[in-house]
Amino acid sequence: MPDLISHTSVGVASFFSGTKEGDIRCFHASPEVWARRGDEAFGLKAPKKEKYVRKEGRNQPPVEARYVPRNVKAPKSNPDKTVEVFEGMTLVELAKRTGKSVSSLQDILTNVGEKVESEFEPLSMDTAELAAMEVGVNVKRLHSAEGTEIVPRPPVVTVMGHVDHGKTSLLDALRQTSVAAREAGGITQHLGAFVVVMPSGASITFLDTPGHAAFSAMRARGAAVTDIVVLVVAADDGVMPQTLEAMSHAKAANVPIVVAINKCDKPGANPEKVKLQLASEGLMLEEMGGDIQVIEVSALQKTGLDNLEEALLLQAEMMDLKARIDGPAQAYVVEARLDKGRGPLITTIVKAGTLTCGQYVVVGSEWGRIRAIKDMVGRLTQRATPAMPVEIEGLRGLPMAGDDVIVVHSEERARMLSSGRTRKSEEDRLRRKLNEGIPSTLESSEEVPQRVEMPIIVKADVQGTVQAVTDALRTLNSSQVLVNVVHVGVGPISQSDVDLAQACGACIVGFNIKSPPTALSQAATRASIKLILHRVIYHLLEDIGNLIVEKAPGTFETQVAGQAEVLNIFEVKGSKSKGPDVKIAGCRVVEGFVVRTGTMRLLRSGEVVFEGNCASLKREKQDVDTVKKGNECGLVISDWYDFQIGDVIQCLEQVVRKPKFIKSESGAVRIEC
């Protein structure tokens, strides 16, 4: 211990001996602090204090910077992507097809009330569709053709062709009825389905499609559900525009064609010419080494019908048409209408399975419980088998023609599917509307002409006709008038339609419906609402076209109203009271007429020299407004005094040019501006 104390005291004494008196070093101080104290033992220098300088422009407003939003990752939806779902698919398979993780799909199924124990557990088709719709993709259901009982089924045959080529008359000859006589105007304007029992005992389901150009969507629906297409061509008329369209629909649906050349009994019939026309359009006929059968028939004389029946049954036998009859049904909506006493009614053709009363179904965005099933004759039945057209009632709302009928096992599942589809269709509609409302850069840079909006409310007897009339009216859009269909509906005109038309200034178009009550018509007249009621599509489109032409603002065009030749030049001296000197061109009107309010164009040797307003127009020393052809006059043009004999003066006037309503021979209509 003494040695330790002595060493410590010596170290402390030696430390204090090297310091100034009263100066005690702080060992925790930083080197910068020692540098400020003037001690340069560490070789550091304190930074010099800079003089404070006031910055200029401190009172200026802050610079406006563009707002940059946060990069928040939103769930991506693919509205254009279509995912195929089928019965028994696993969650892993659904995740691969939708591009989402298994955990996210499990969360979605938990939210909609579906419990999935394992990712490899098979899902029902309804559950898979619900999950896919929540992801934001389109869904296509793949039904299995496997079943415990697969039996042959009758063929579904769609009759297509040009308007007035005898399609309905041919079907009337096959089933010994007269439908064409009951159609307004003698042309088919609905999609009809019925079963015809042939003399041989075989039954065939026929679909009759309209041939007018306005019903293109109906023909497309007929081709989508059919097995065989009968292409009816008139022997005296040949291949027409709707004939070519029907061929394209059949080729797009990959459906075999049987050609029926009708009206072969007429004096001007030329079946060989029709065959050459069809061959030139790409149809490989049997007579020319192809596989398409051609039958010459006459619906009026009922000749060739046996050959047509034999050709259809042969084609069906080659296709070996079979379907399962057990399990839930798959059906296709051909037509939909609203009945005053029975509610929404849909005409449907069963594709597979059996449709029975009491089942819960989802049709498009609508759902319901089947209350009654009727065949095409109107008899009640408890079940509908494949290839059987029936009319069912019991839906909560009116679906769209072309929707699929899906059978579900409970009311809760039907409600859930219906609400999911409604939400998805509304999102798609708003997205389309948003995309249509965004103009392109090219359109925004150009001058947009004046355009008048024409709101229209469409009411018709069935859903398919509503779509056809709406599509036909939208084809009448032009650069001057925009046809805006604000509301569509099935059934007669109601008071709510009149109130809506009064609110938005629309006219009401009724097609193939009953005339409104007198009180409703008087209310529409008092509100200055135009009611347009028709039963034939020709007359409806013609009336709407004339109304569009009348409402169009037109375009202003400058045209030459008349032409005068300078025969002599007169000069009138001016004074302080009368004004400066005036040169008058003595002219004779050689074409048209000359008006004082028009613009004058001076031509010399065929070239334009000057354009200006007419300051004075006199005839026989009297001021006049118009001078017609063959008369002489005195003419003064503002700010122009250099007239020469032989000059030509043209009188220009502005006229309003209205668009034209053009109707082609095929029935297609358009507005030409």
Side-chain angles (χ1 to χ4, degrees), residues 155-171 174 187-189 191-193 204-264 269-297 299 304 307-308 311-312 314-316 318-319 321 332 334 402 464 468 471-472 475 537 664-668:
V156 179
V157 178
T158 299
V159 182
M160 305 176 75
H162 193 71
V163 63
D164 202 24
H165 274 201
K167 299 180 295 298
T168 307
S169 301
L170 181 60
L171 289 177
L174 288 171
I187 61 171
T188 303
Q189 301 177 121
L191 194 62
I204 299 177
T205 301
F206 280 99
L207 285 179
D208 186 15
T209 62
H212 190 270
F215 299 100
S216 175
M218 286 190 182
R219 289 190 291 274
R221 289 199 302 274
V225 73
T226 190
D227 300 315
I228 306 170
V229 167
V230 173
L231 186 63
V232 179
V233 187
D236 60 337
D237 205 6
V239 176
M240 298 297 285
Q242 269 63 60
T243 311
L244 300 176
E245 185 194 305
M247 290 165 52
S248 63
H249 283 316
K251 290 178 180 178
N254 198 18
V255 176
I257 298 175
V258 174
V259 178
I261 302 179
N262 196 16
K263 302 184 181 182
C264 290
N270 190 354
E272 297 300 325
K273 179 183 176 183
V274 174
K275 293 177 184 177
L276 290 175
Q277 290 177 343
L278 292 172
S280 64
E281 296 297 336
L283 287 186
M284 303 302 294
L285 309 181
E286 274 189 343
E287 298 177 3
M288 302 178 184
D291 56 353
I292 296 178
Q293 304 179 72
V294 180
I295 312 297
E296 298 180 9
V297 297
N307 298 333
L308 180 60
L312 293 176
L314 176 61
Q315 186 68 44
M318 292 168 58
M319 298 174 68
L321 300 172
Y332 184 89
V334 175
D471 294 342
T475 60
I537 193 70
S664 64
E665 295 180 357
S666 63

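Listed by chain and number, the residues in a side-chain contact (heavy atoms from CB on, under 4.5 Å) with V156 are R153, T205, L207, T226, D227, I349, A387 (sequence neighbours excluded). With sequence neighbours left out, L244 forms a side-chain contact (heavy atoms from CB on, under 4.5 Å) with V239, M247, E281. Remark: E287 pairs with K275 by the side-chain hydrogen bond (donor to acceptor under 3.5 Å, both in side chains) rule, at least two apart or across chains.
With values rounded to the nearest 0.5 angstrom, I295 atom CD1 is found 7.5 Å from E286 atom CD. Of the inter-residue distances, the one linking I261 atom CD1 with D236 atom CG reads 11.5 Å to the nearest 0.5 angstrom. To the nearest 0.5 Å, the span separating CD1 on I204 from CD1 on I228 amounts to 7.5 Å. Rounding to the nearest 0.5 Å gives a distance of 9.0 Å between CD of Q277 and OG1 of T243. Annotation: the span from I257 atom CD1 to L285 atom CG amounts to 10.0 Å, rounded to 0.5 Å. With rounding to the nearest 0.5 Å, the separation of CG in D291 from CG in L283 is 10.0 Å.
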Q) Which is it for K167 and L171 under the side-chain contact (heavy atoms from CB on, under 4.5 Å) test, yes or no, and what are the steps along the way? A) CA-CA 7 Å; K167 299 180 295 298; L171 289 177; 6.0 Å; no
Q: Given side-chain contact (heavy atoms from CB on, under 4.5 Å), test L308 with L170 step by step and report yes or no.
A: CA-CA 10 Å; L308 180 60; L170 181 60; 4.1 Å; yes
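Across all non-hydrogen atoms, the minimal contact from A269 to C264 is CB-O, 3.8 Å. Closest heavy-atom contact between V274 and G238: CG2-CA, 4.0 Å. In this structure, V297 and G304 approach most closely via the heavy-atom pair CG1-O, 3.3 Å.
Taking 4.5 Å as the limit, some side-chain heavy atom of M319 sits within range of a side-chain heavy atom of P256.
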